[in-house]
Protein chains: 2
Amino acid sequence: MLSKKTKYGIKALVHLARQEDRMPVQISTISKSENISQKFLESILLTLKKNGLLGSKKGKGGGYYLLKNPKEIPMTTVMRLLEGPIAMVPCVSLNFYEKCADCPDEDTCAVNKIMLKVRDNTLEIFRNTSLADLSNSKVTL
Amino acid sequence: MLSKKTKYGIKALVHLARQEDRMPVQISTISKSENISQKFLESILLTLKKNGLLGSKKGKGGGYYLLKNPKEIPMTTVMRLLEGPIAMVPCVSLNFYEKCADCPDEDTCAVNKIMLKVRDNTLEIFRNTSLADLSNSKVTL
DNA sequence: TATTATCCTAGTAAGTCTATAGGATAATAG
DNA sequence: CTATTATCCTATAGACTTACTAGGATAATA
């Protein structure tokens, strides 16, 4: 299950991607529009900024804005940043790999195999879906 | 990420599926063979039993055994039982559906759309993979 | 200088995860 | 019958994570 942080983060990013002029949007605006607790959203946007997805401007007329074209932001990036690993087990994760303590041999591990397959599928979807795709509400993914 | 409960549960089921005669296998045997805490495994096997996947026998020569042919146990069943929903958000879950509190309209929700696609893909893999598939270590899934 | 809005650290209540404890129950062996 | 074996069952505890909230510092604008 996705954490709320991830869900809210994606929603906020989509909101910003729909802002065609890249003018700053205030936290409070997104918060109201997407029904997200403002303080919580604040912390989420901050991490998105620290990780290079968003820019910000302080003071009146300030807010957050996307730094790149939504087409150039794949969901893999968003998911890894907000949720962490895309894989269901660390031993099949590309970016967050960890050996399982209980498993002597990954090559013969049944869990490893099926979860690798699931990861490959999920990964391909996220790779081929950009923020721009999510933002266009009329297009069926 | 999969919980350890799910991971251990799958491993135990695979262990039992590999037991070709359907003779009872003791918790301690599985526990040692799969490097799982015995007490924890005990509680996992108990829930698998309560949910109709396993049978058990008490006393000497007792243990747990599969009630069905591994070919007839799809991973969807196993996953839902141990991990819960297969979907990443409740609003696209078939068996654990819940409306999102923050989302006024699922049809126009970007998160809903992509997570539906991911669920469809993952679901198909789990549907088409049985315990028997996982048990045969030589076959590539 | 007043106002606005992000920046930043810290904390907290509630829930979940990963077990463990300890005894009750049932089956078998002798 | 009784000792042994192994599951059954409830309860609990410590560690961790989640979903926020508090409160002030900083910077930009008017």
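Residue Gly84(B) comes nearest to Phe96(B) through the heavy atom pair C-CE1, 3.6 Å, listed as atom of the first residue, atom of the second, then distance. Closest approach of Lys7(A) and Val89(B) over heavy atoms only: CD-CG1, 4.3 Å. Closest of all the heavy-atom pairs between Leu134(B) and Ala110(A) is O-CB, 3.3 Å.
Residue contacts for Lys4(A): at a heavy-atom cut-off of 4.0 Å it reaches the sugar-phosphate backbone alone, with no base atom in range. Across all strands, Ile27(B) comes closer than 4.0 Å only to sugar-phosphate atoms, never to a base (heavy-atom distances).
A close approach under 4.0 Å does occur between a side-chain nitrogen or oxygen of Tyr8(A) and OP1 or OP2 of dC20(D). Checking the phosphate oxygens (OP1, OP2) of dC9(D), no side-chain nitrogen or oxygen of Ser43(B) falls inside 4.0 Å.
Of the inter-residue distances, the one linking Asn128(B) atom CG with Thr76(B) atom OG1 reads 9.0 Å to the nearest 0.5 angstrom. With values rounded to the nearest 0.5 angstrom, Glu34(B) atom CD is found 9.0 Å from Leu41(B) atom CG. Put simply, SG on Cys109(B) and NZ on Lys11(A) are 5.0 Å apart, with the number rounded to the nearest 0.5 Å. Summarising the geometry, atom CG belonging to Leu2(A) is positioned 9.5 Å from atom CG belonging to Leu82(A); distances are rounded to the nearest 0.5 Å. The distance from the CG atom of Leu13(A) to the CE atom of Met75(A) is 8.0 Å, given to the nearest 0.5 Å.
Rounded to a whole Å, the CD atom of Glu42(B) is 13 Å from the P atom of dT10(D). Atom pair Ile44(A):CD1 and dT18(D):P shows a separation of 12 Å (rounding to whole Å applied). Following rounding to the nearest Å, Tyr65(A) (OH) and dA28(D) (P) show an atom-to-atom distance of 11 Å. Whole-Å rounding puts the Met1(B) CE to dT18(D) C1' distance at 17 Å.
For Gln38(A) and dC20(D), a side-chain-to-base donor-acceptor distance below 3.5 Å is absent, hydrogens and geometry of angles not being considered.
Comparing Glu83(B) and Leu41(B) against DNA chain C, the residue whose closest nucleotide sits nearer the 5' end is Glu83(B).
Nucleotides of DNA chain C that come within less than 4.0 Å of any heavy atom of chain A span, from the 5' end to the 3' end, dT4(C) to dC8(C).
Remark: the Glu98(B) side chain and the Ser93(B) side chain contain no N/O donor-acceptor pair separated by less than 3.5 Å.
With dC9(D), dA22(D), dA30(D) as the candidates, the nucleotide lying closest to the side chain of Lys50(B) is dC9(D).
For DNA chain D, if you chain together Watson-Crick or G-U pairs that step i with j, i+1 with j-1 and so on, the runs of at least three with distances under 3.5 Å are C:1-30 with D:1-30.
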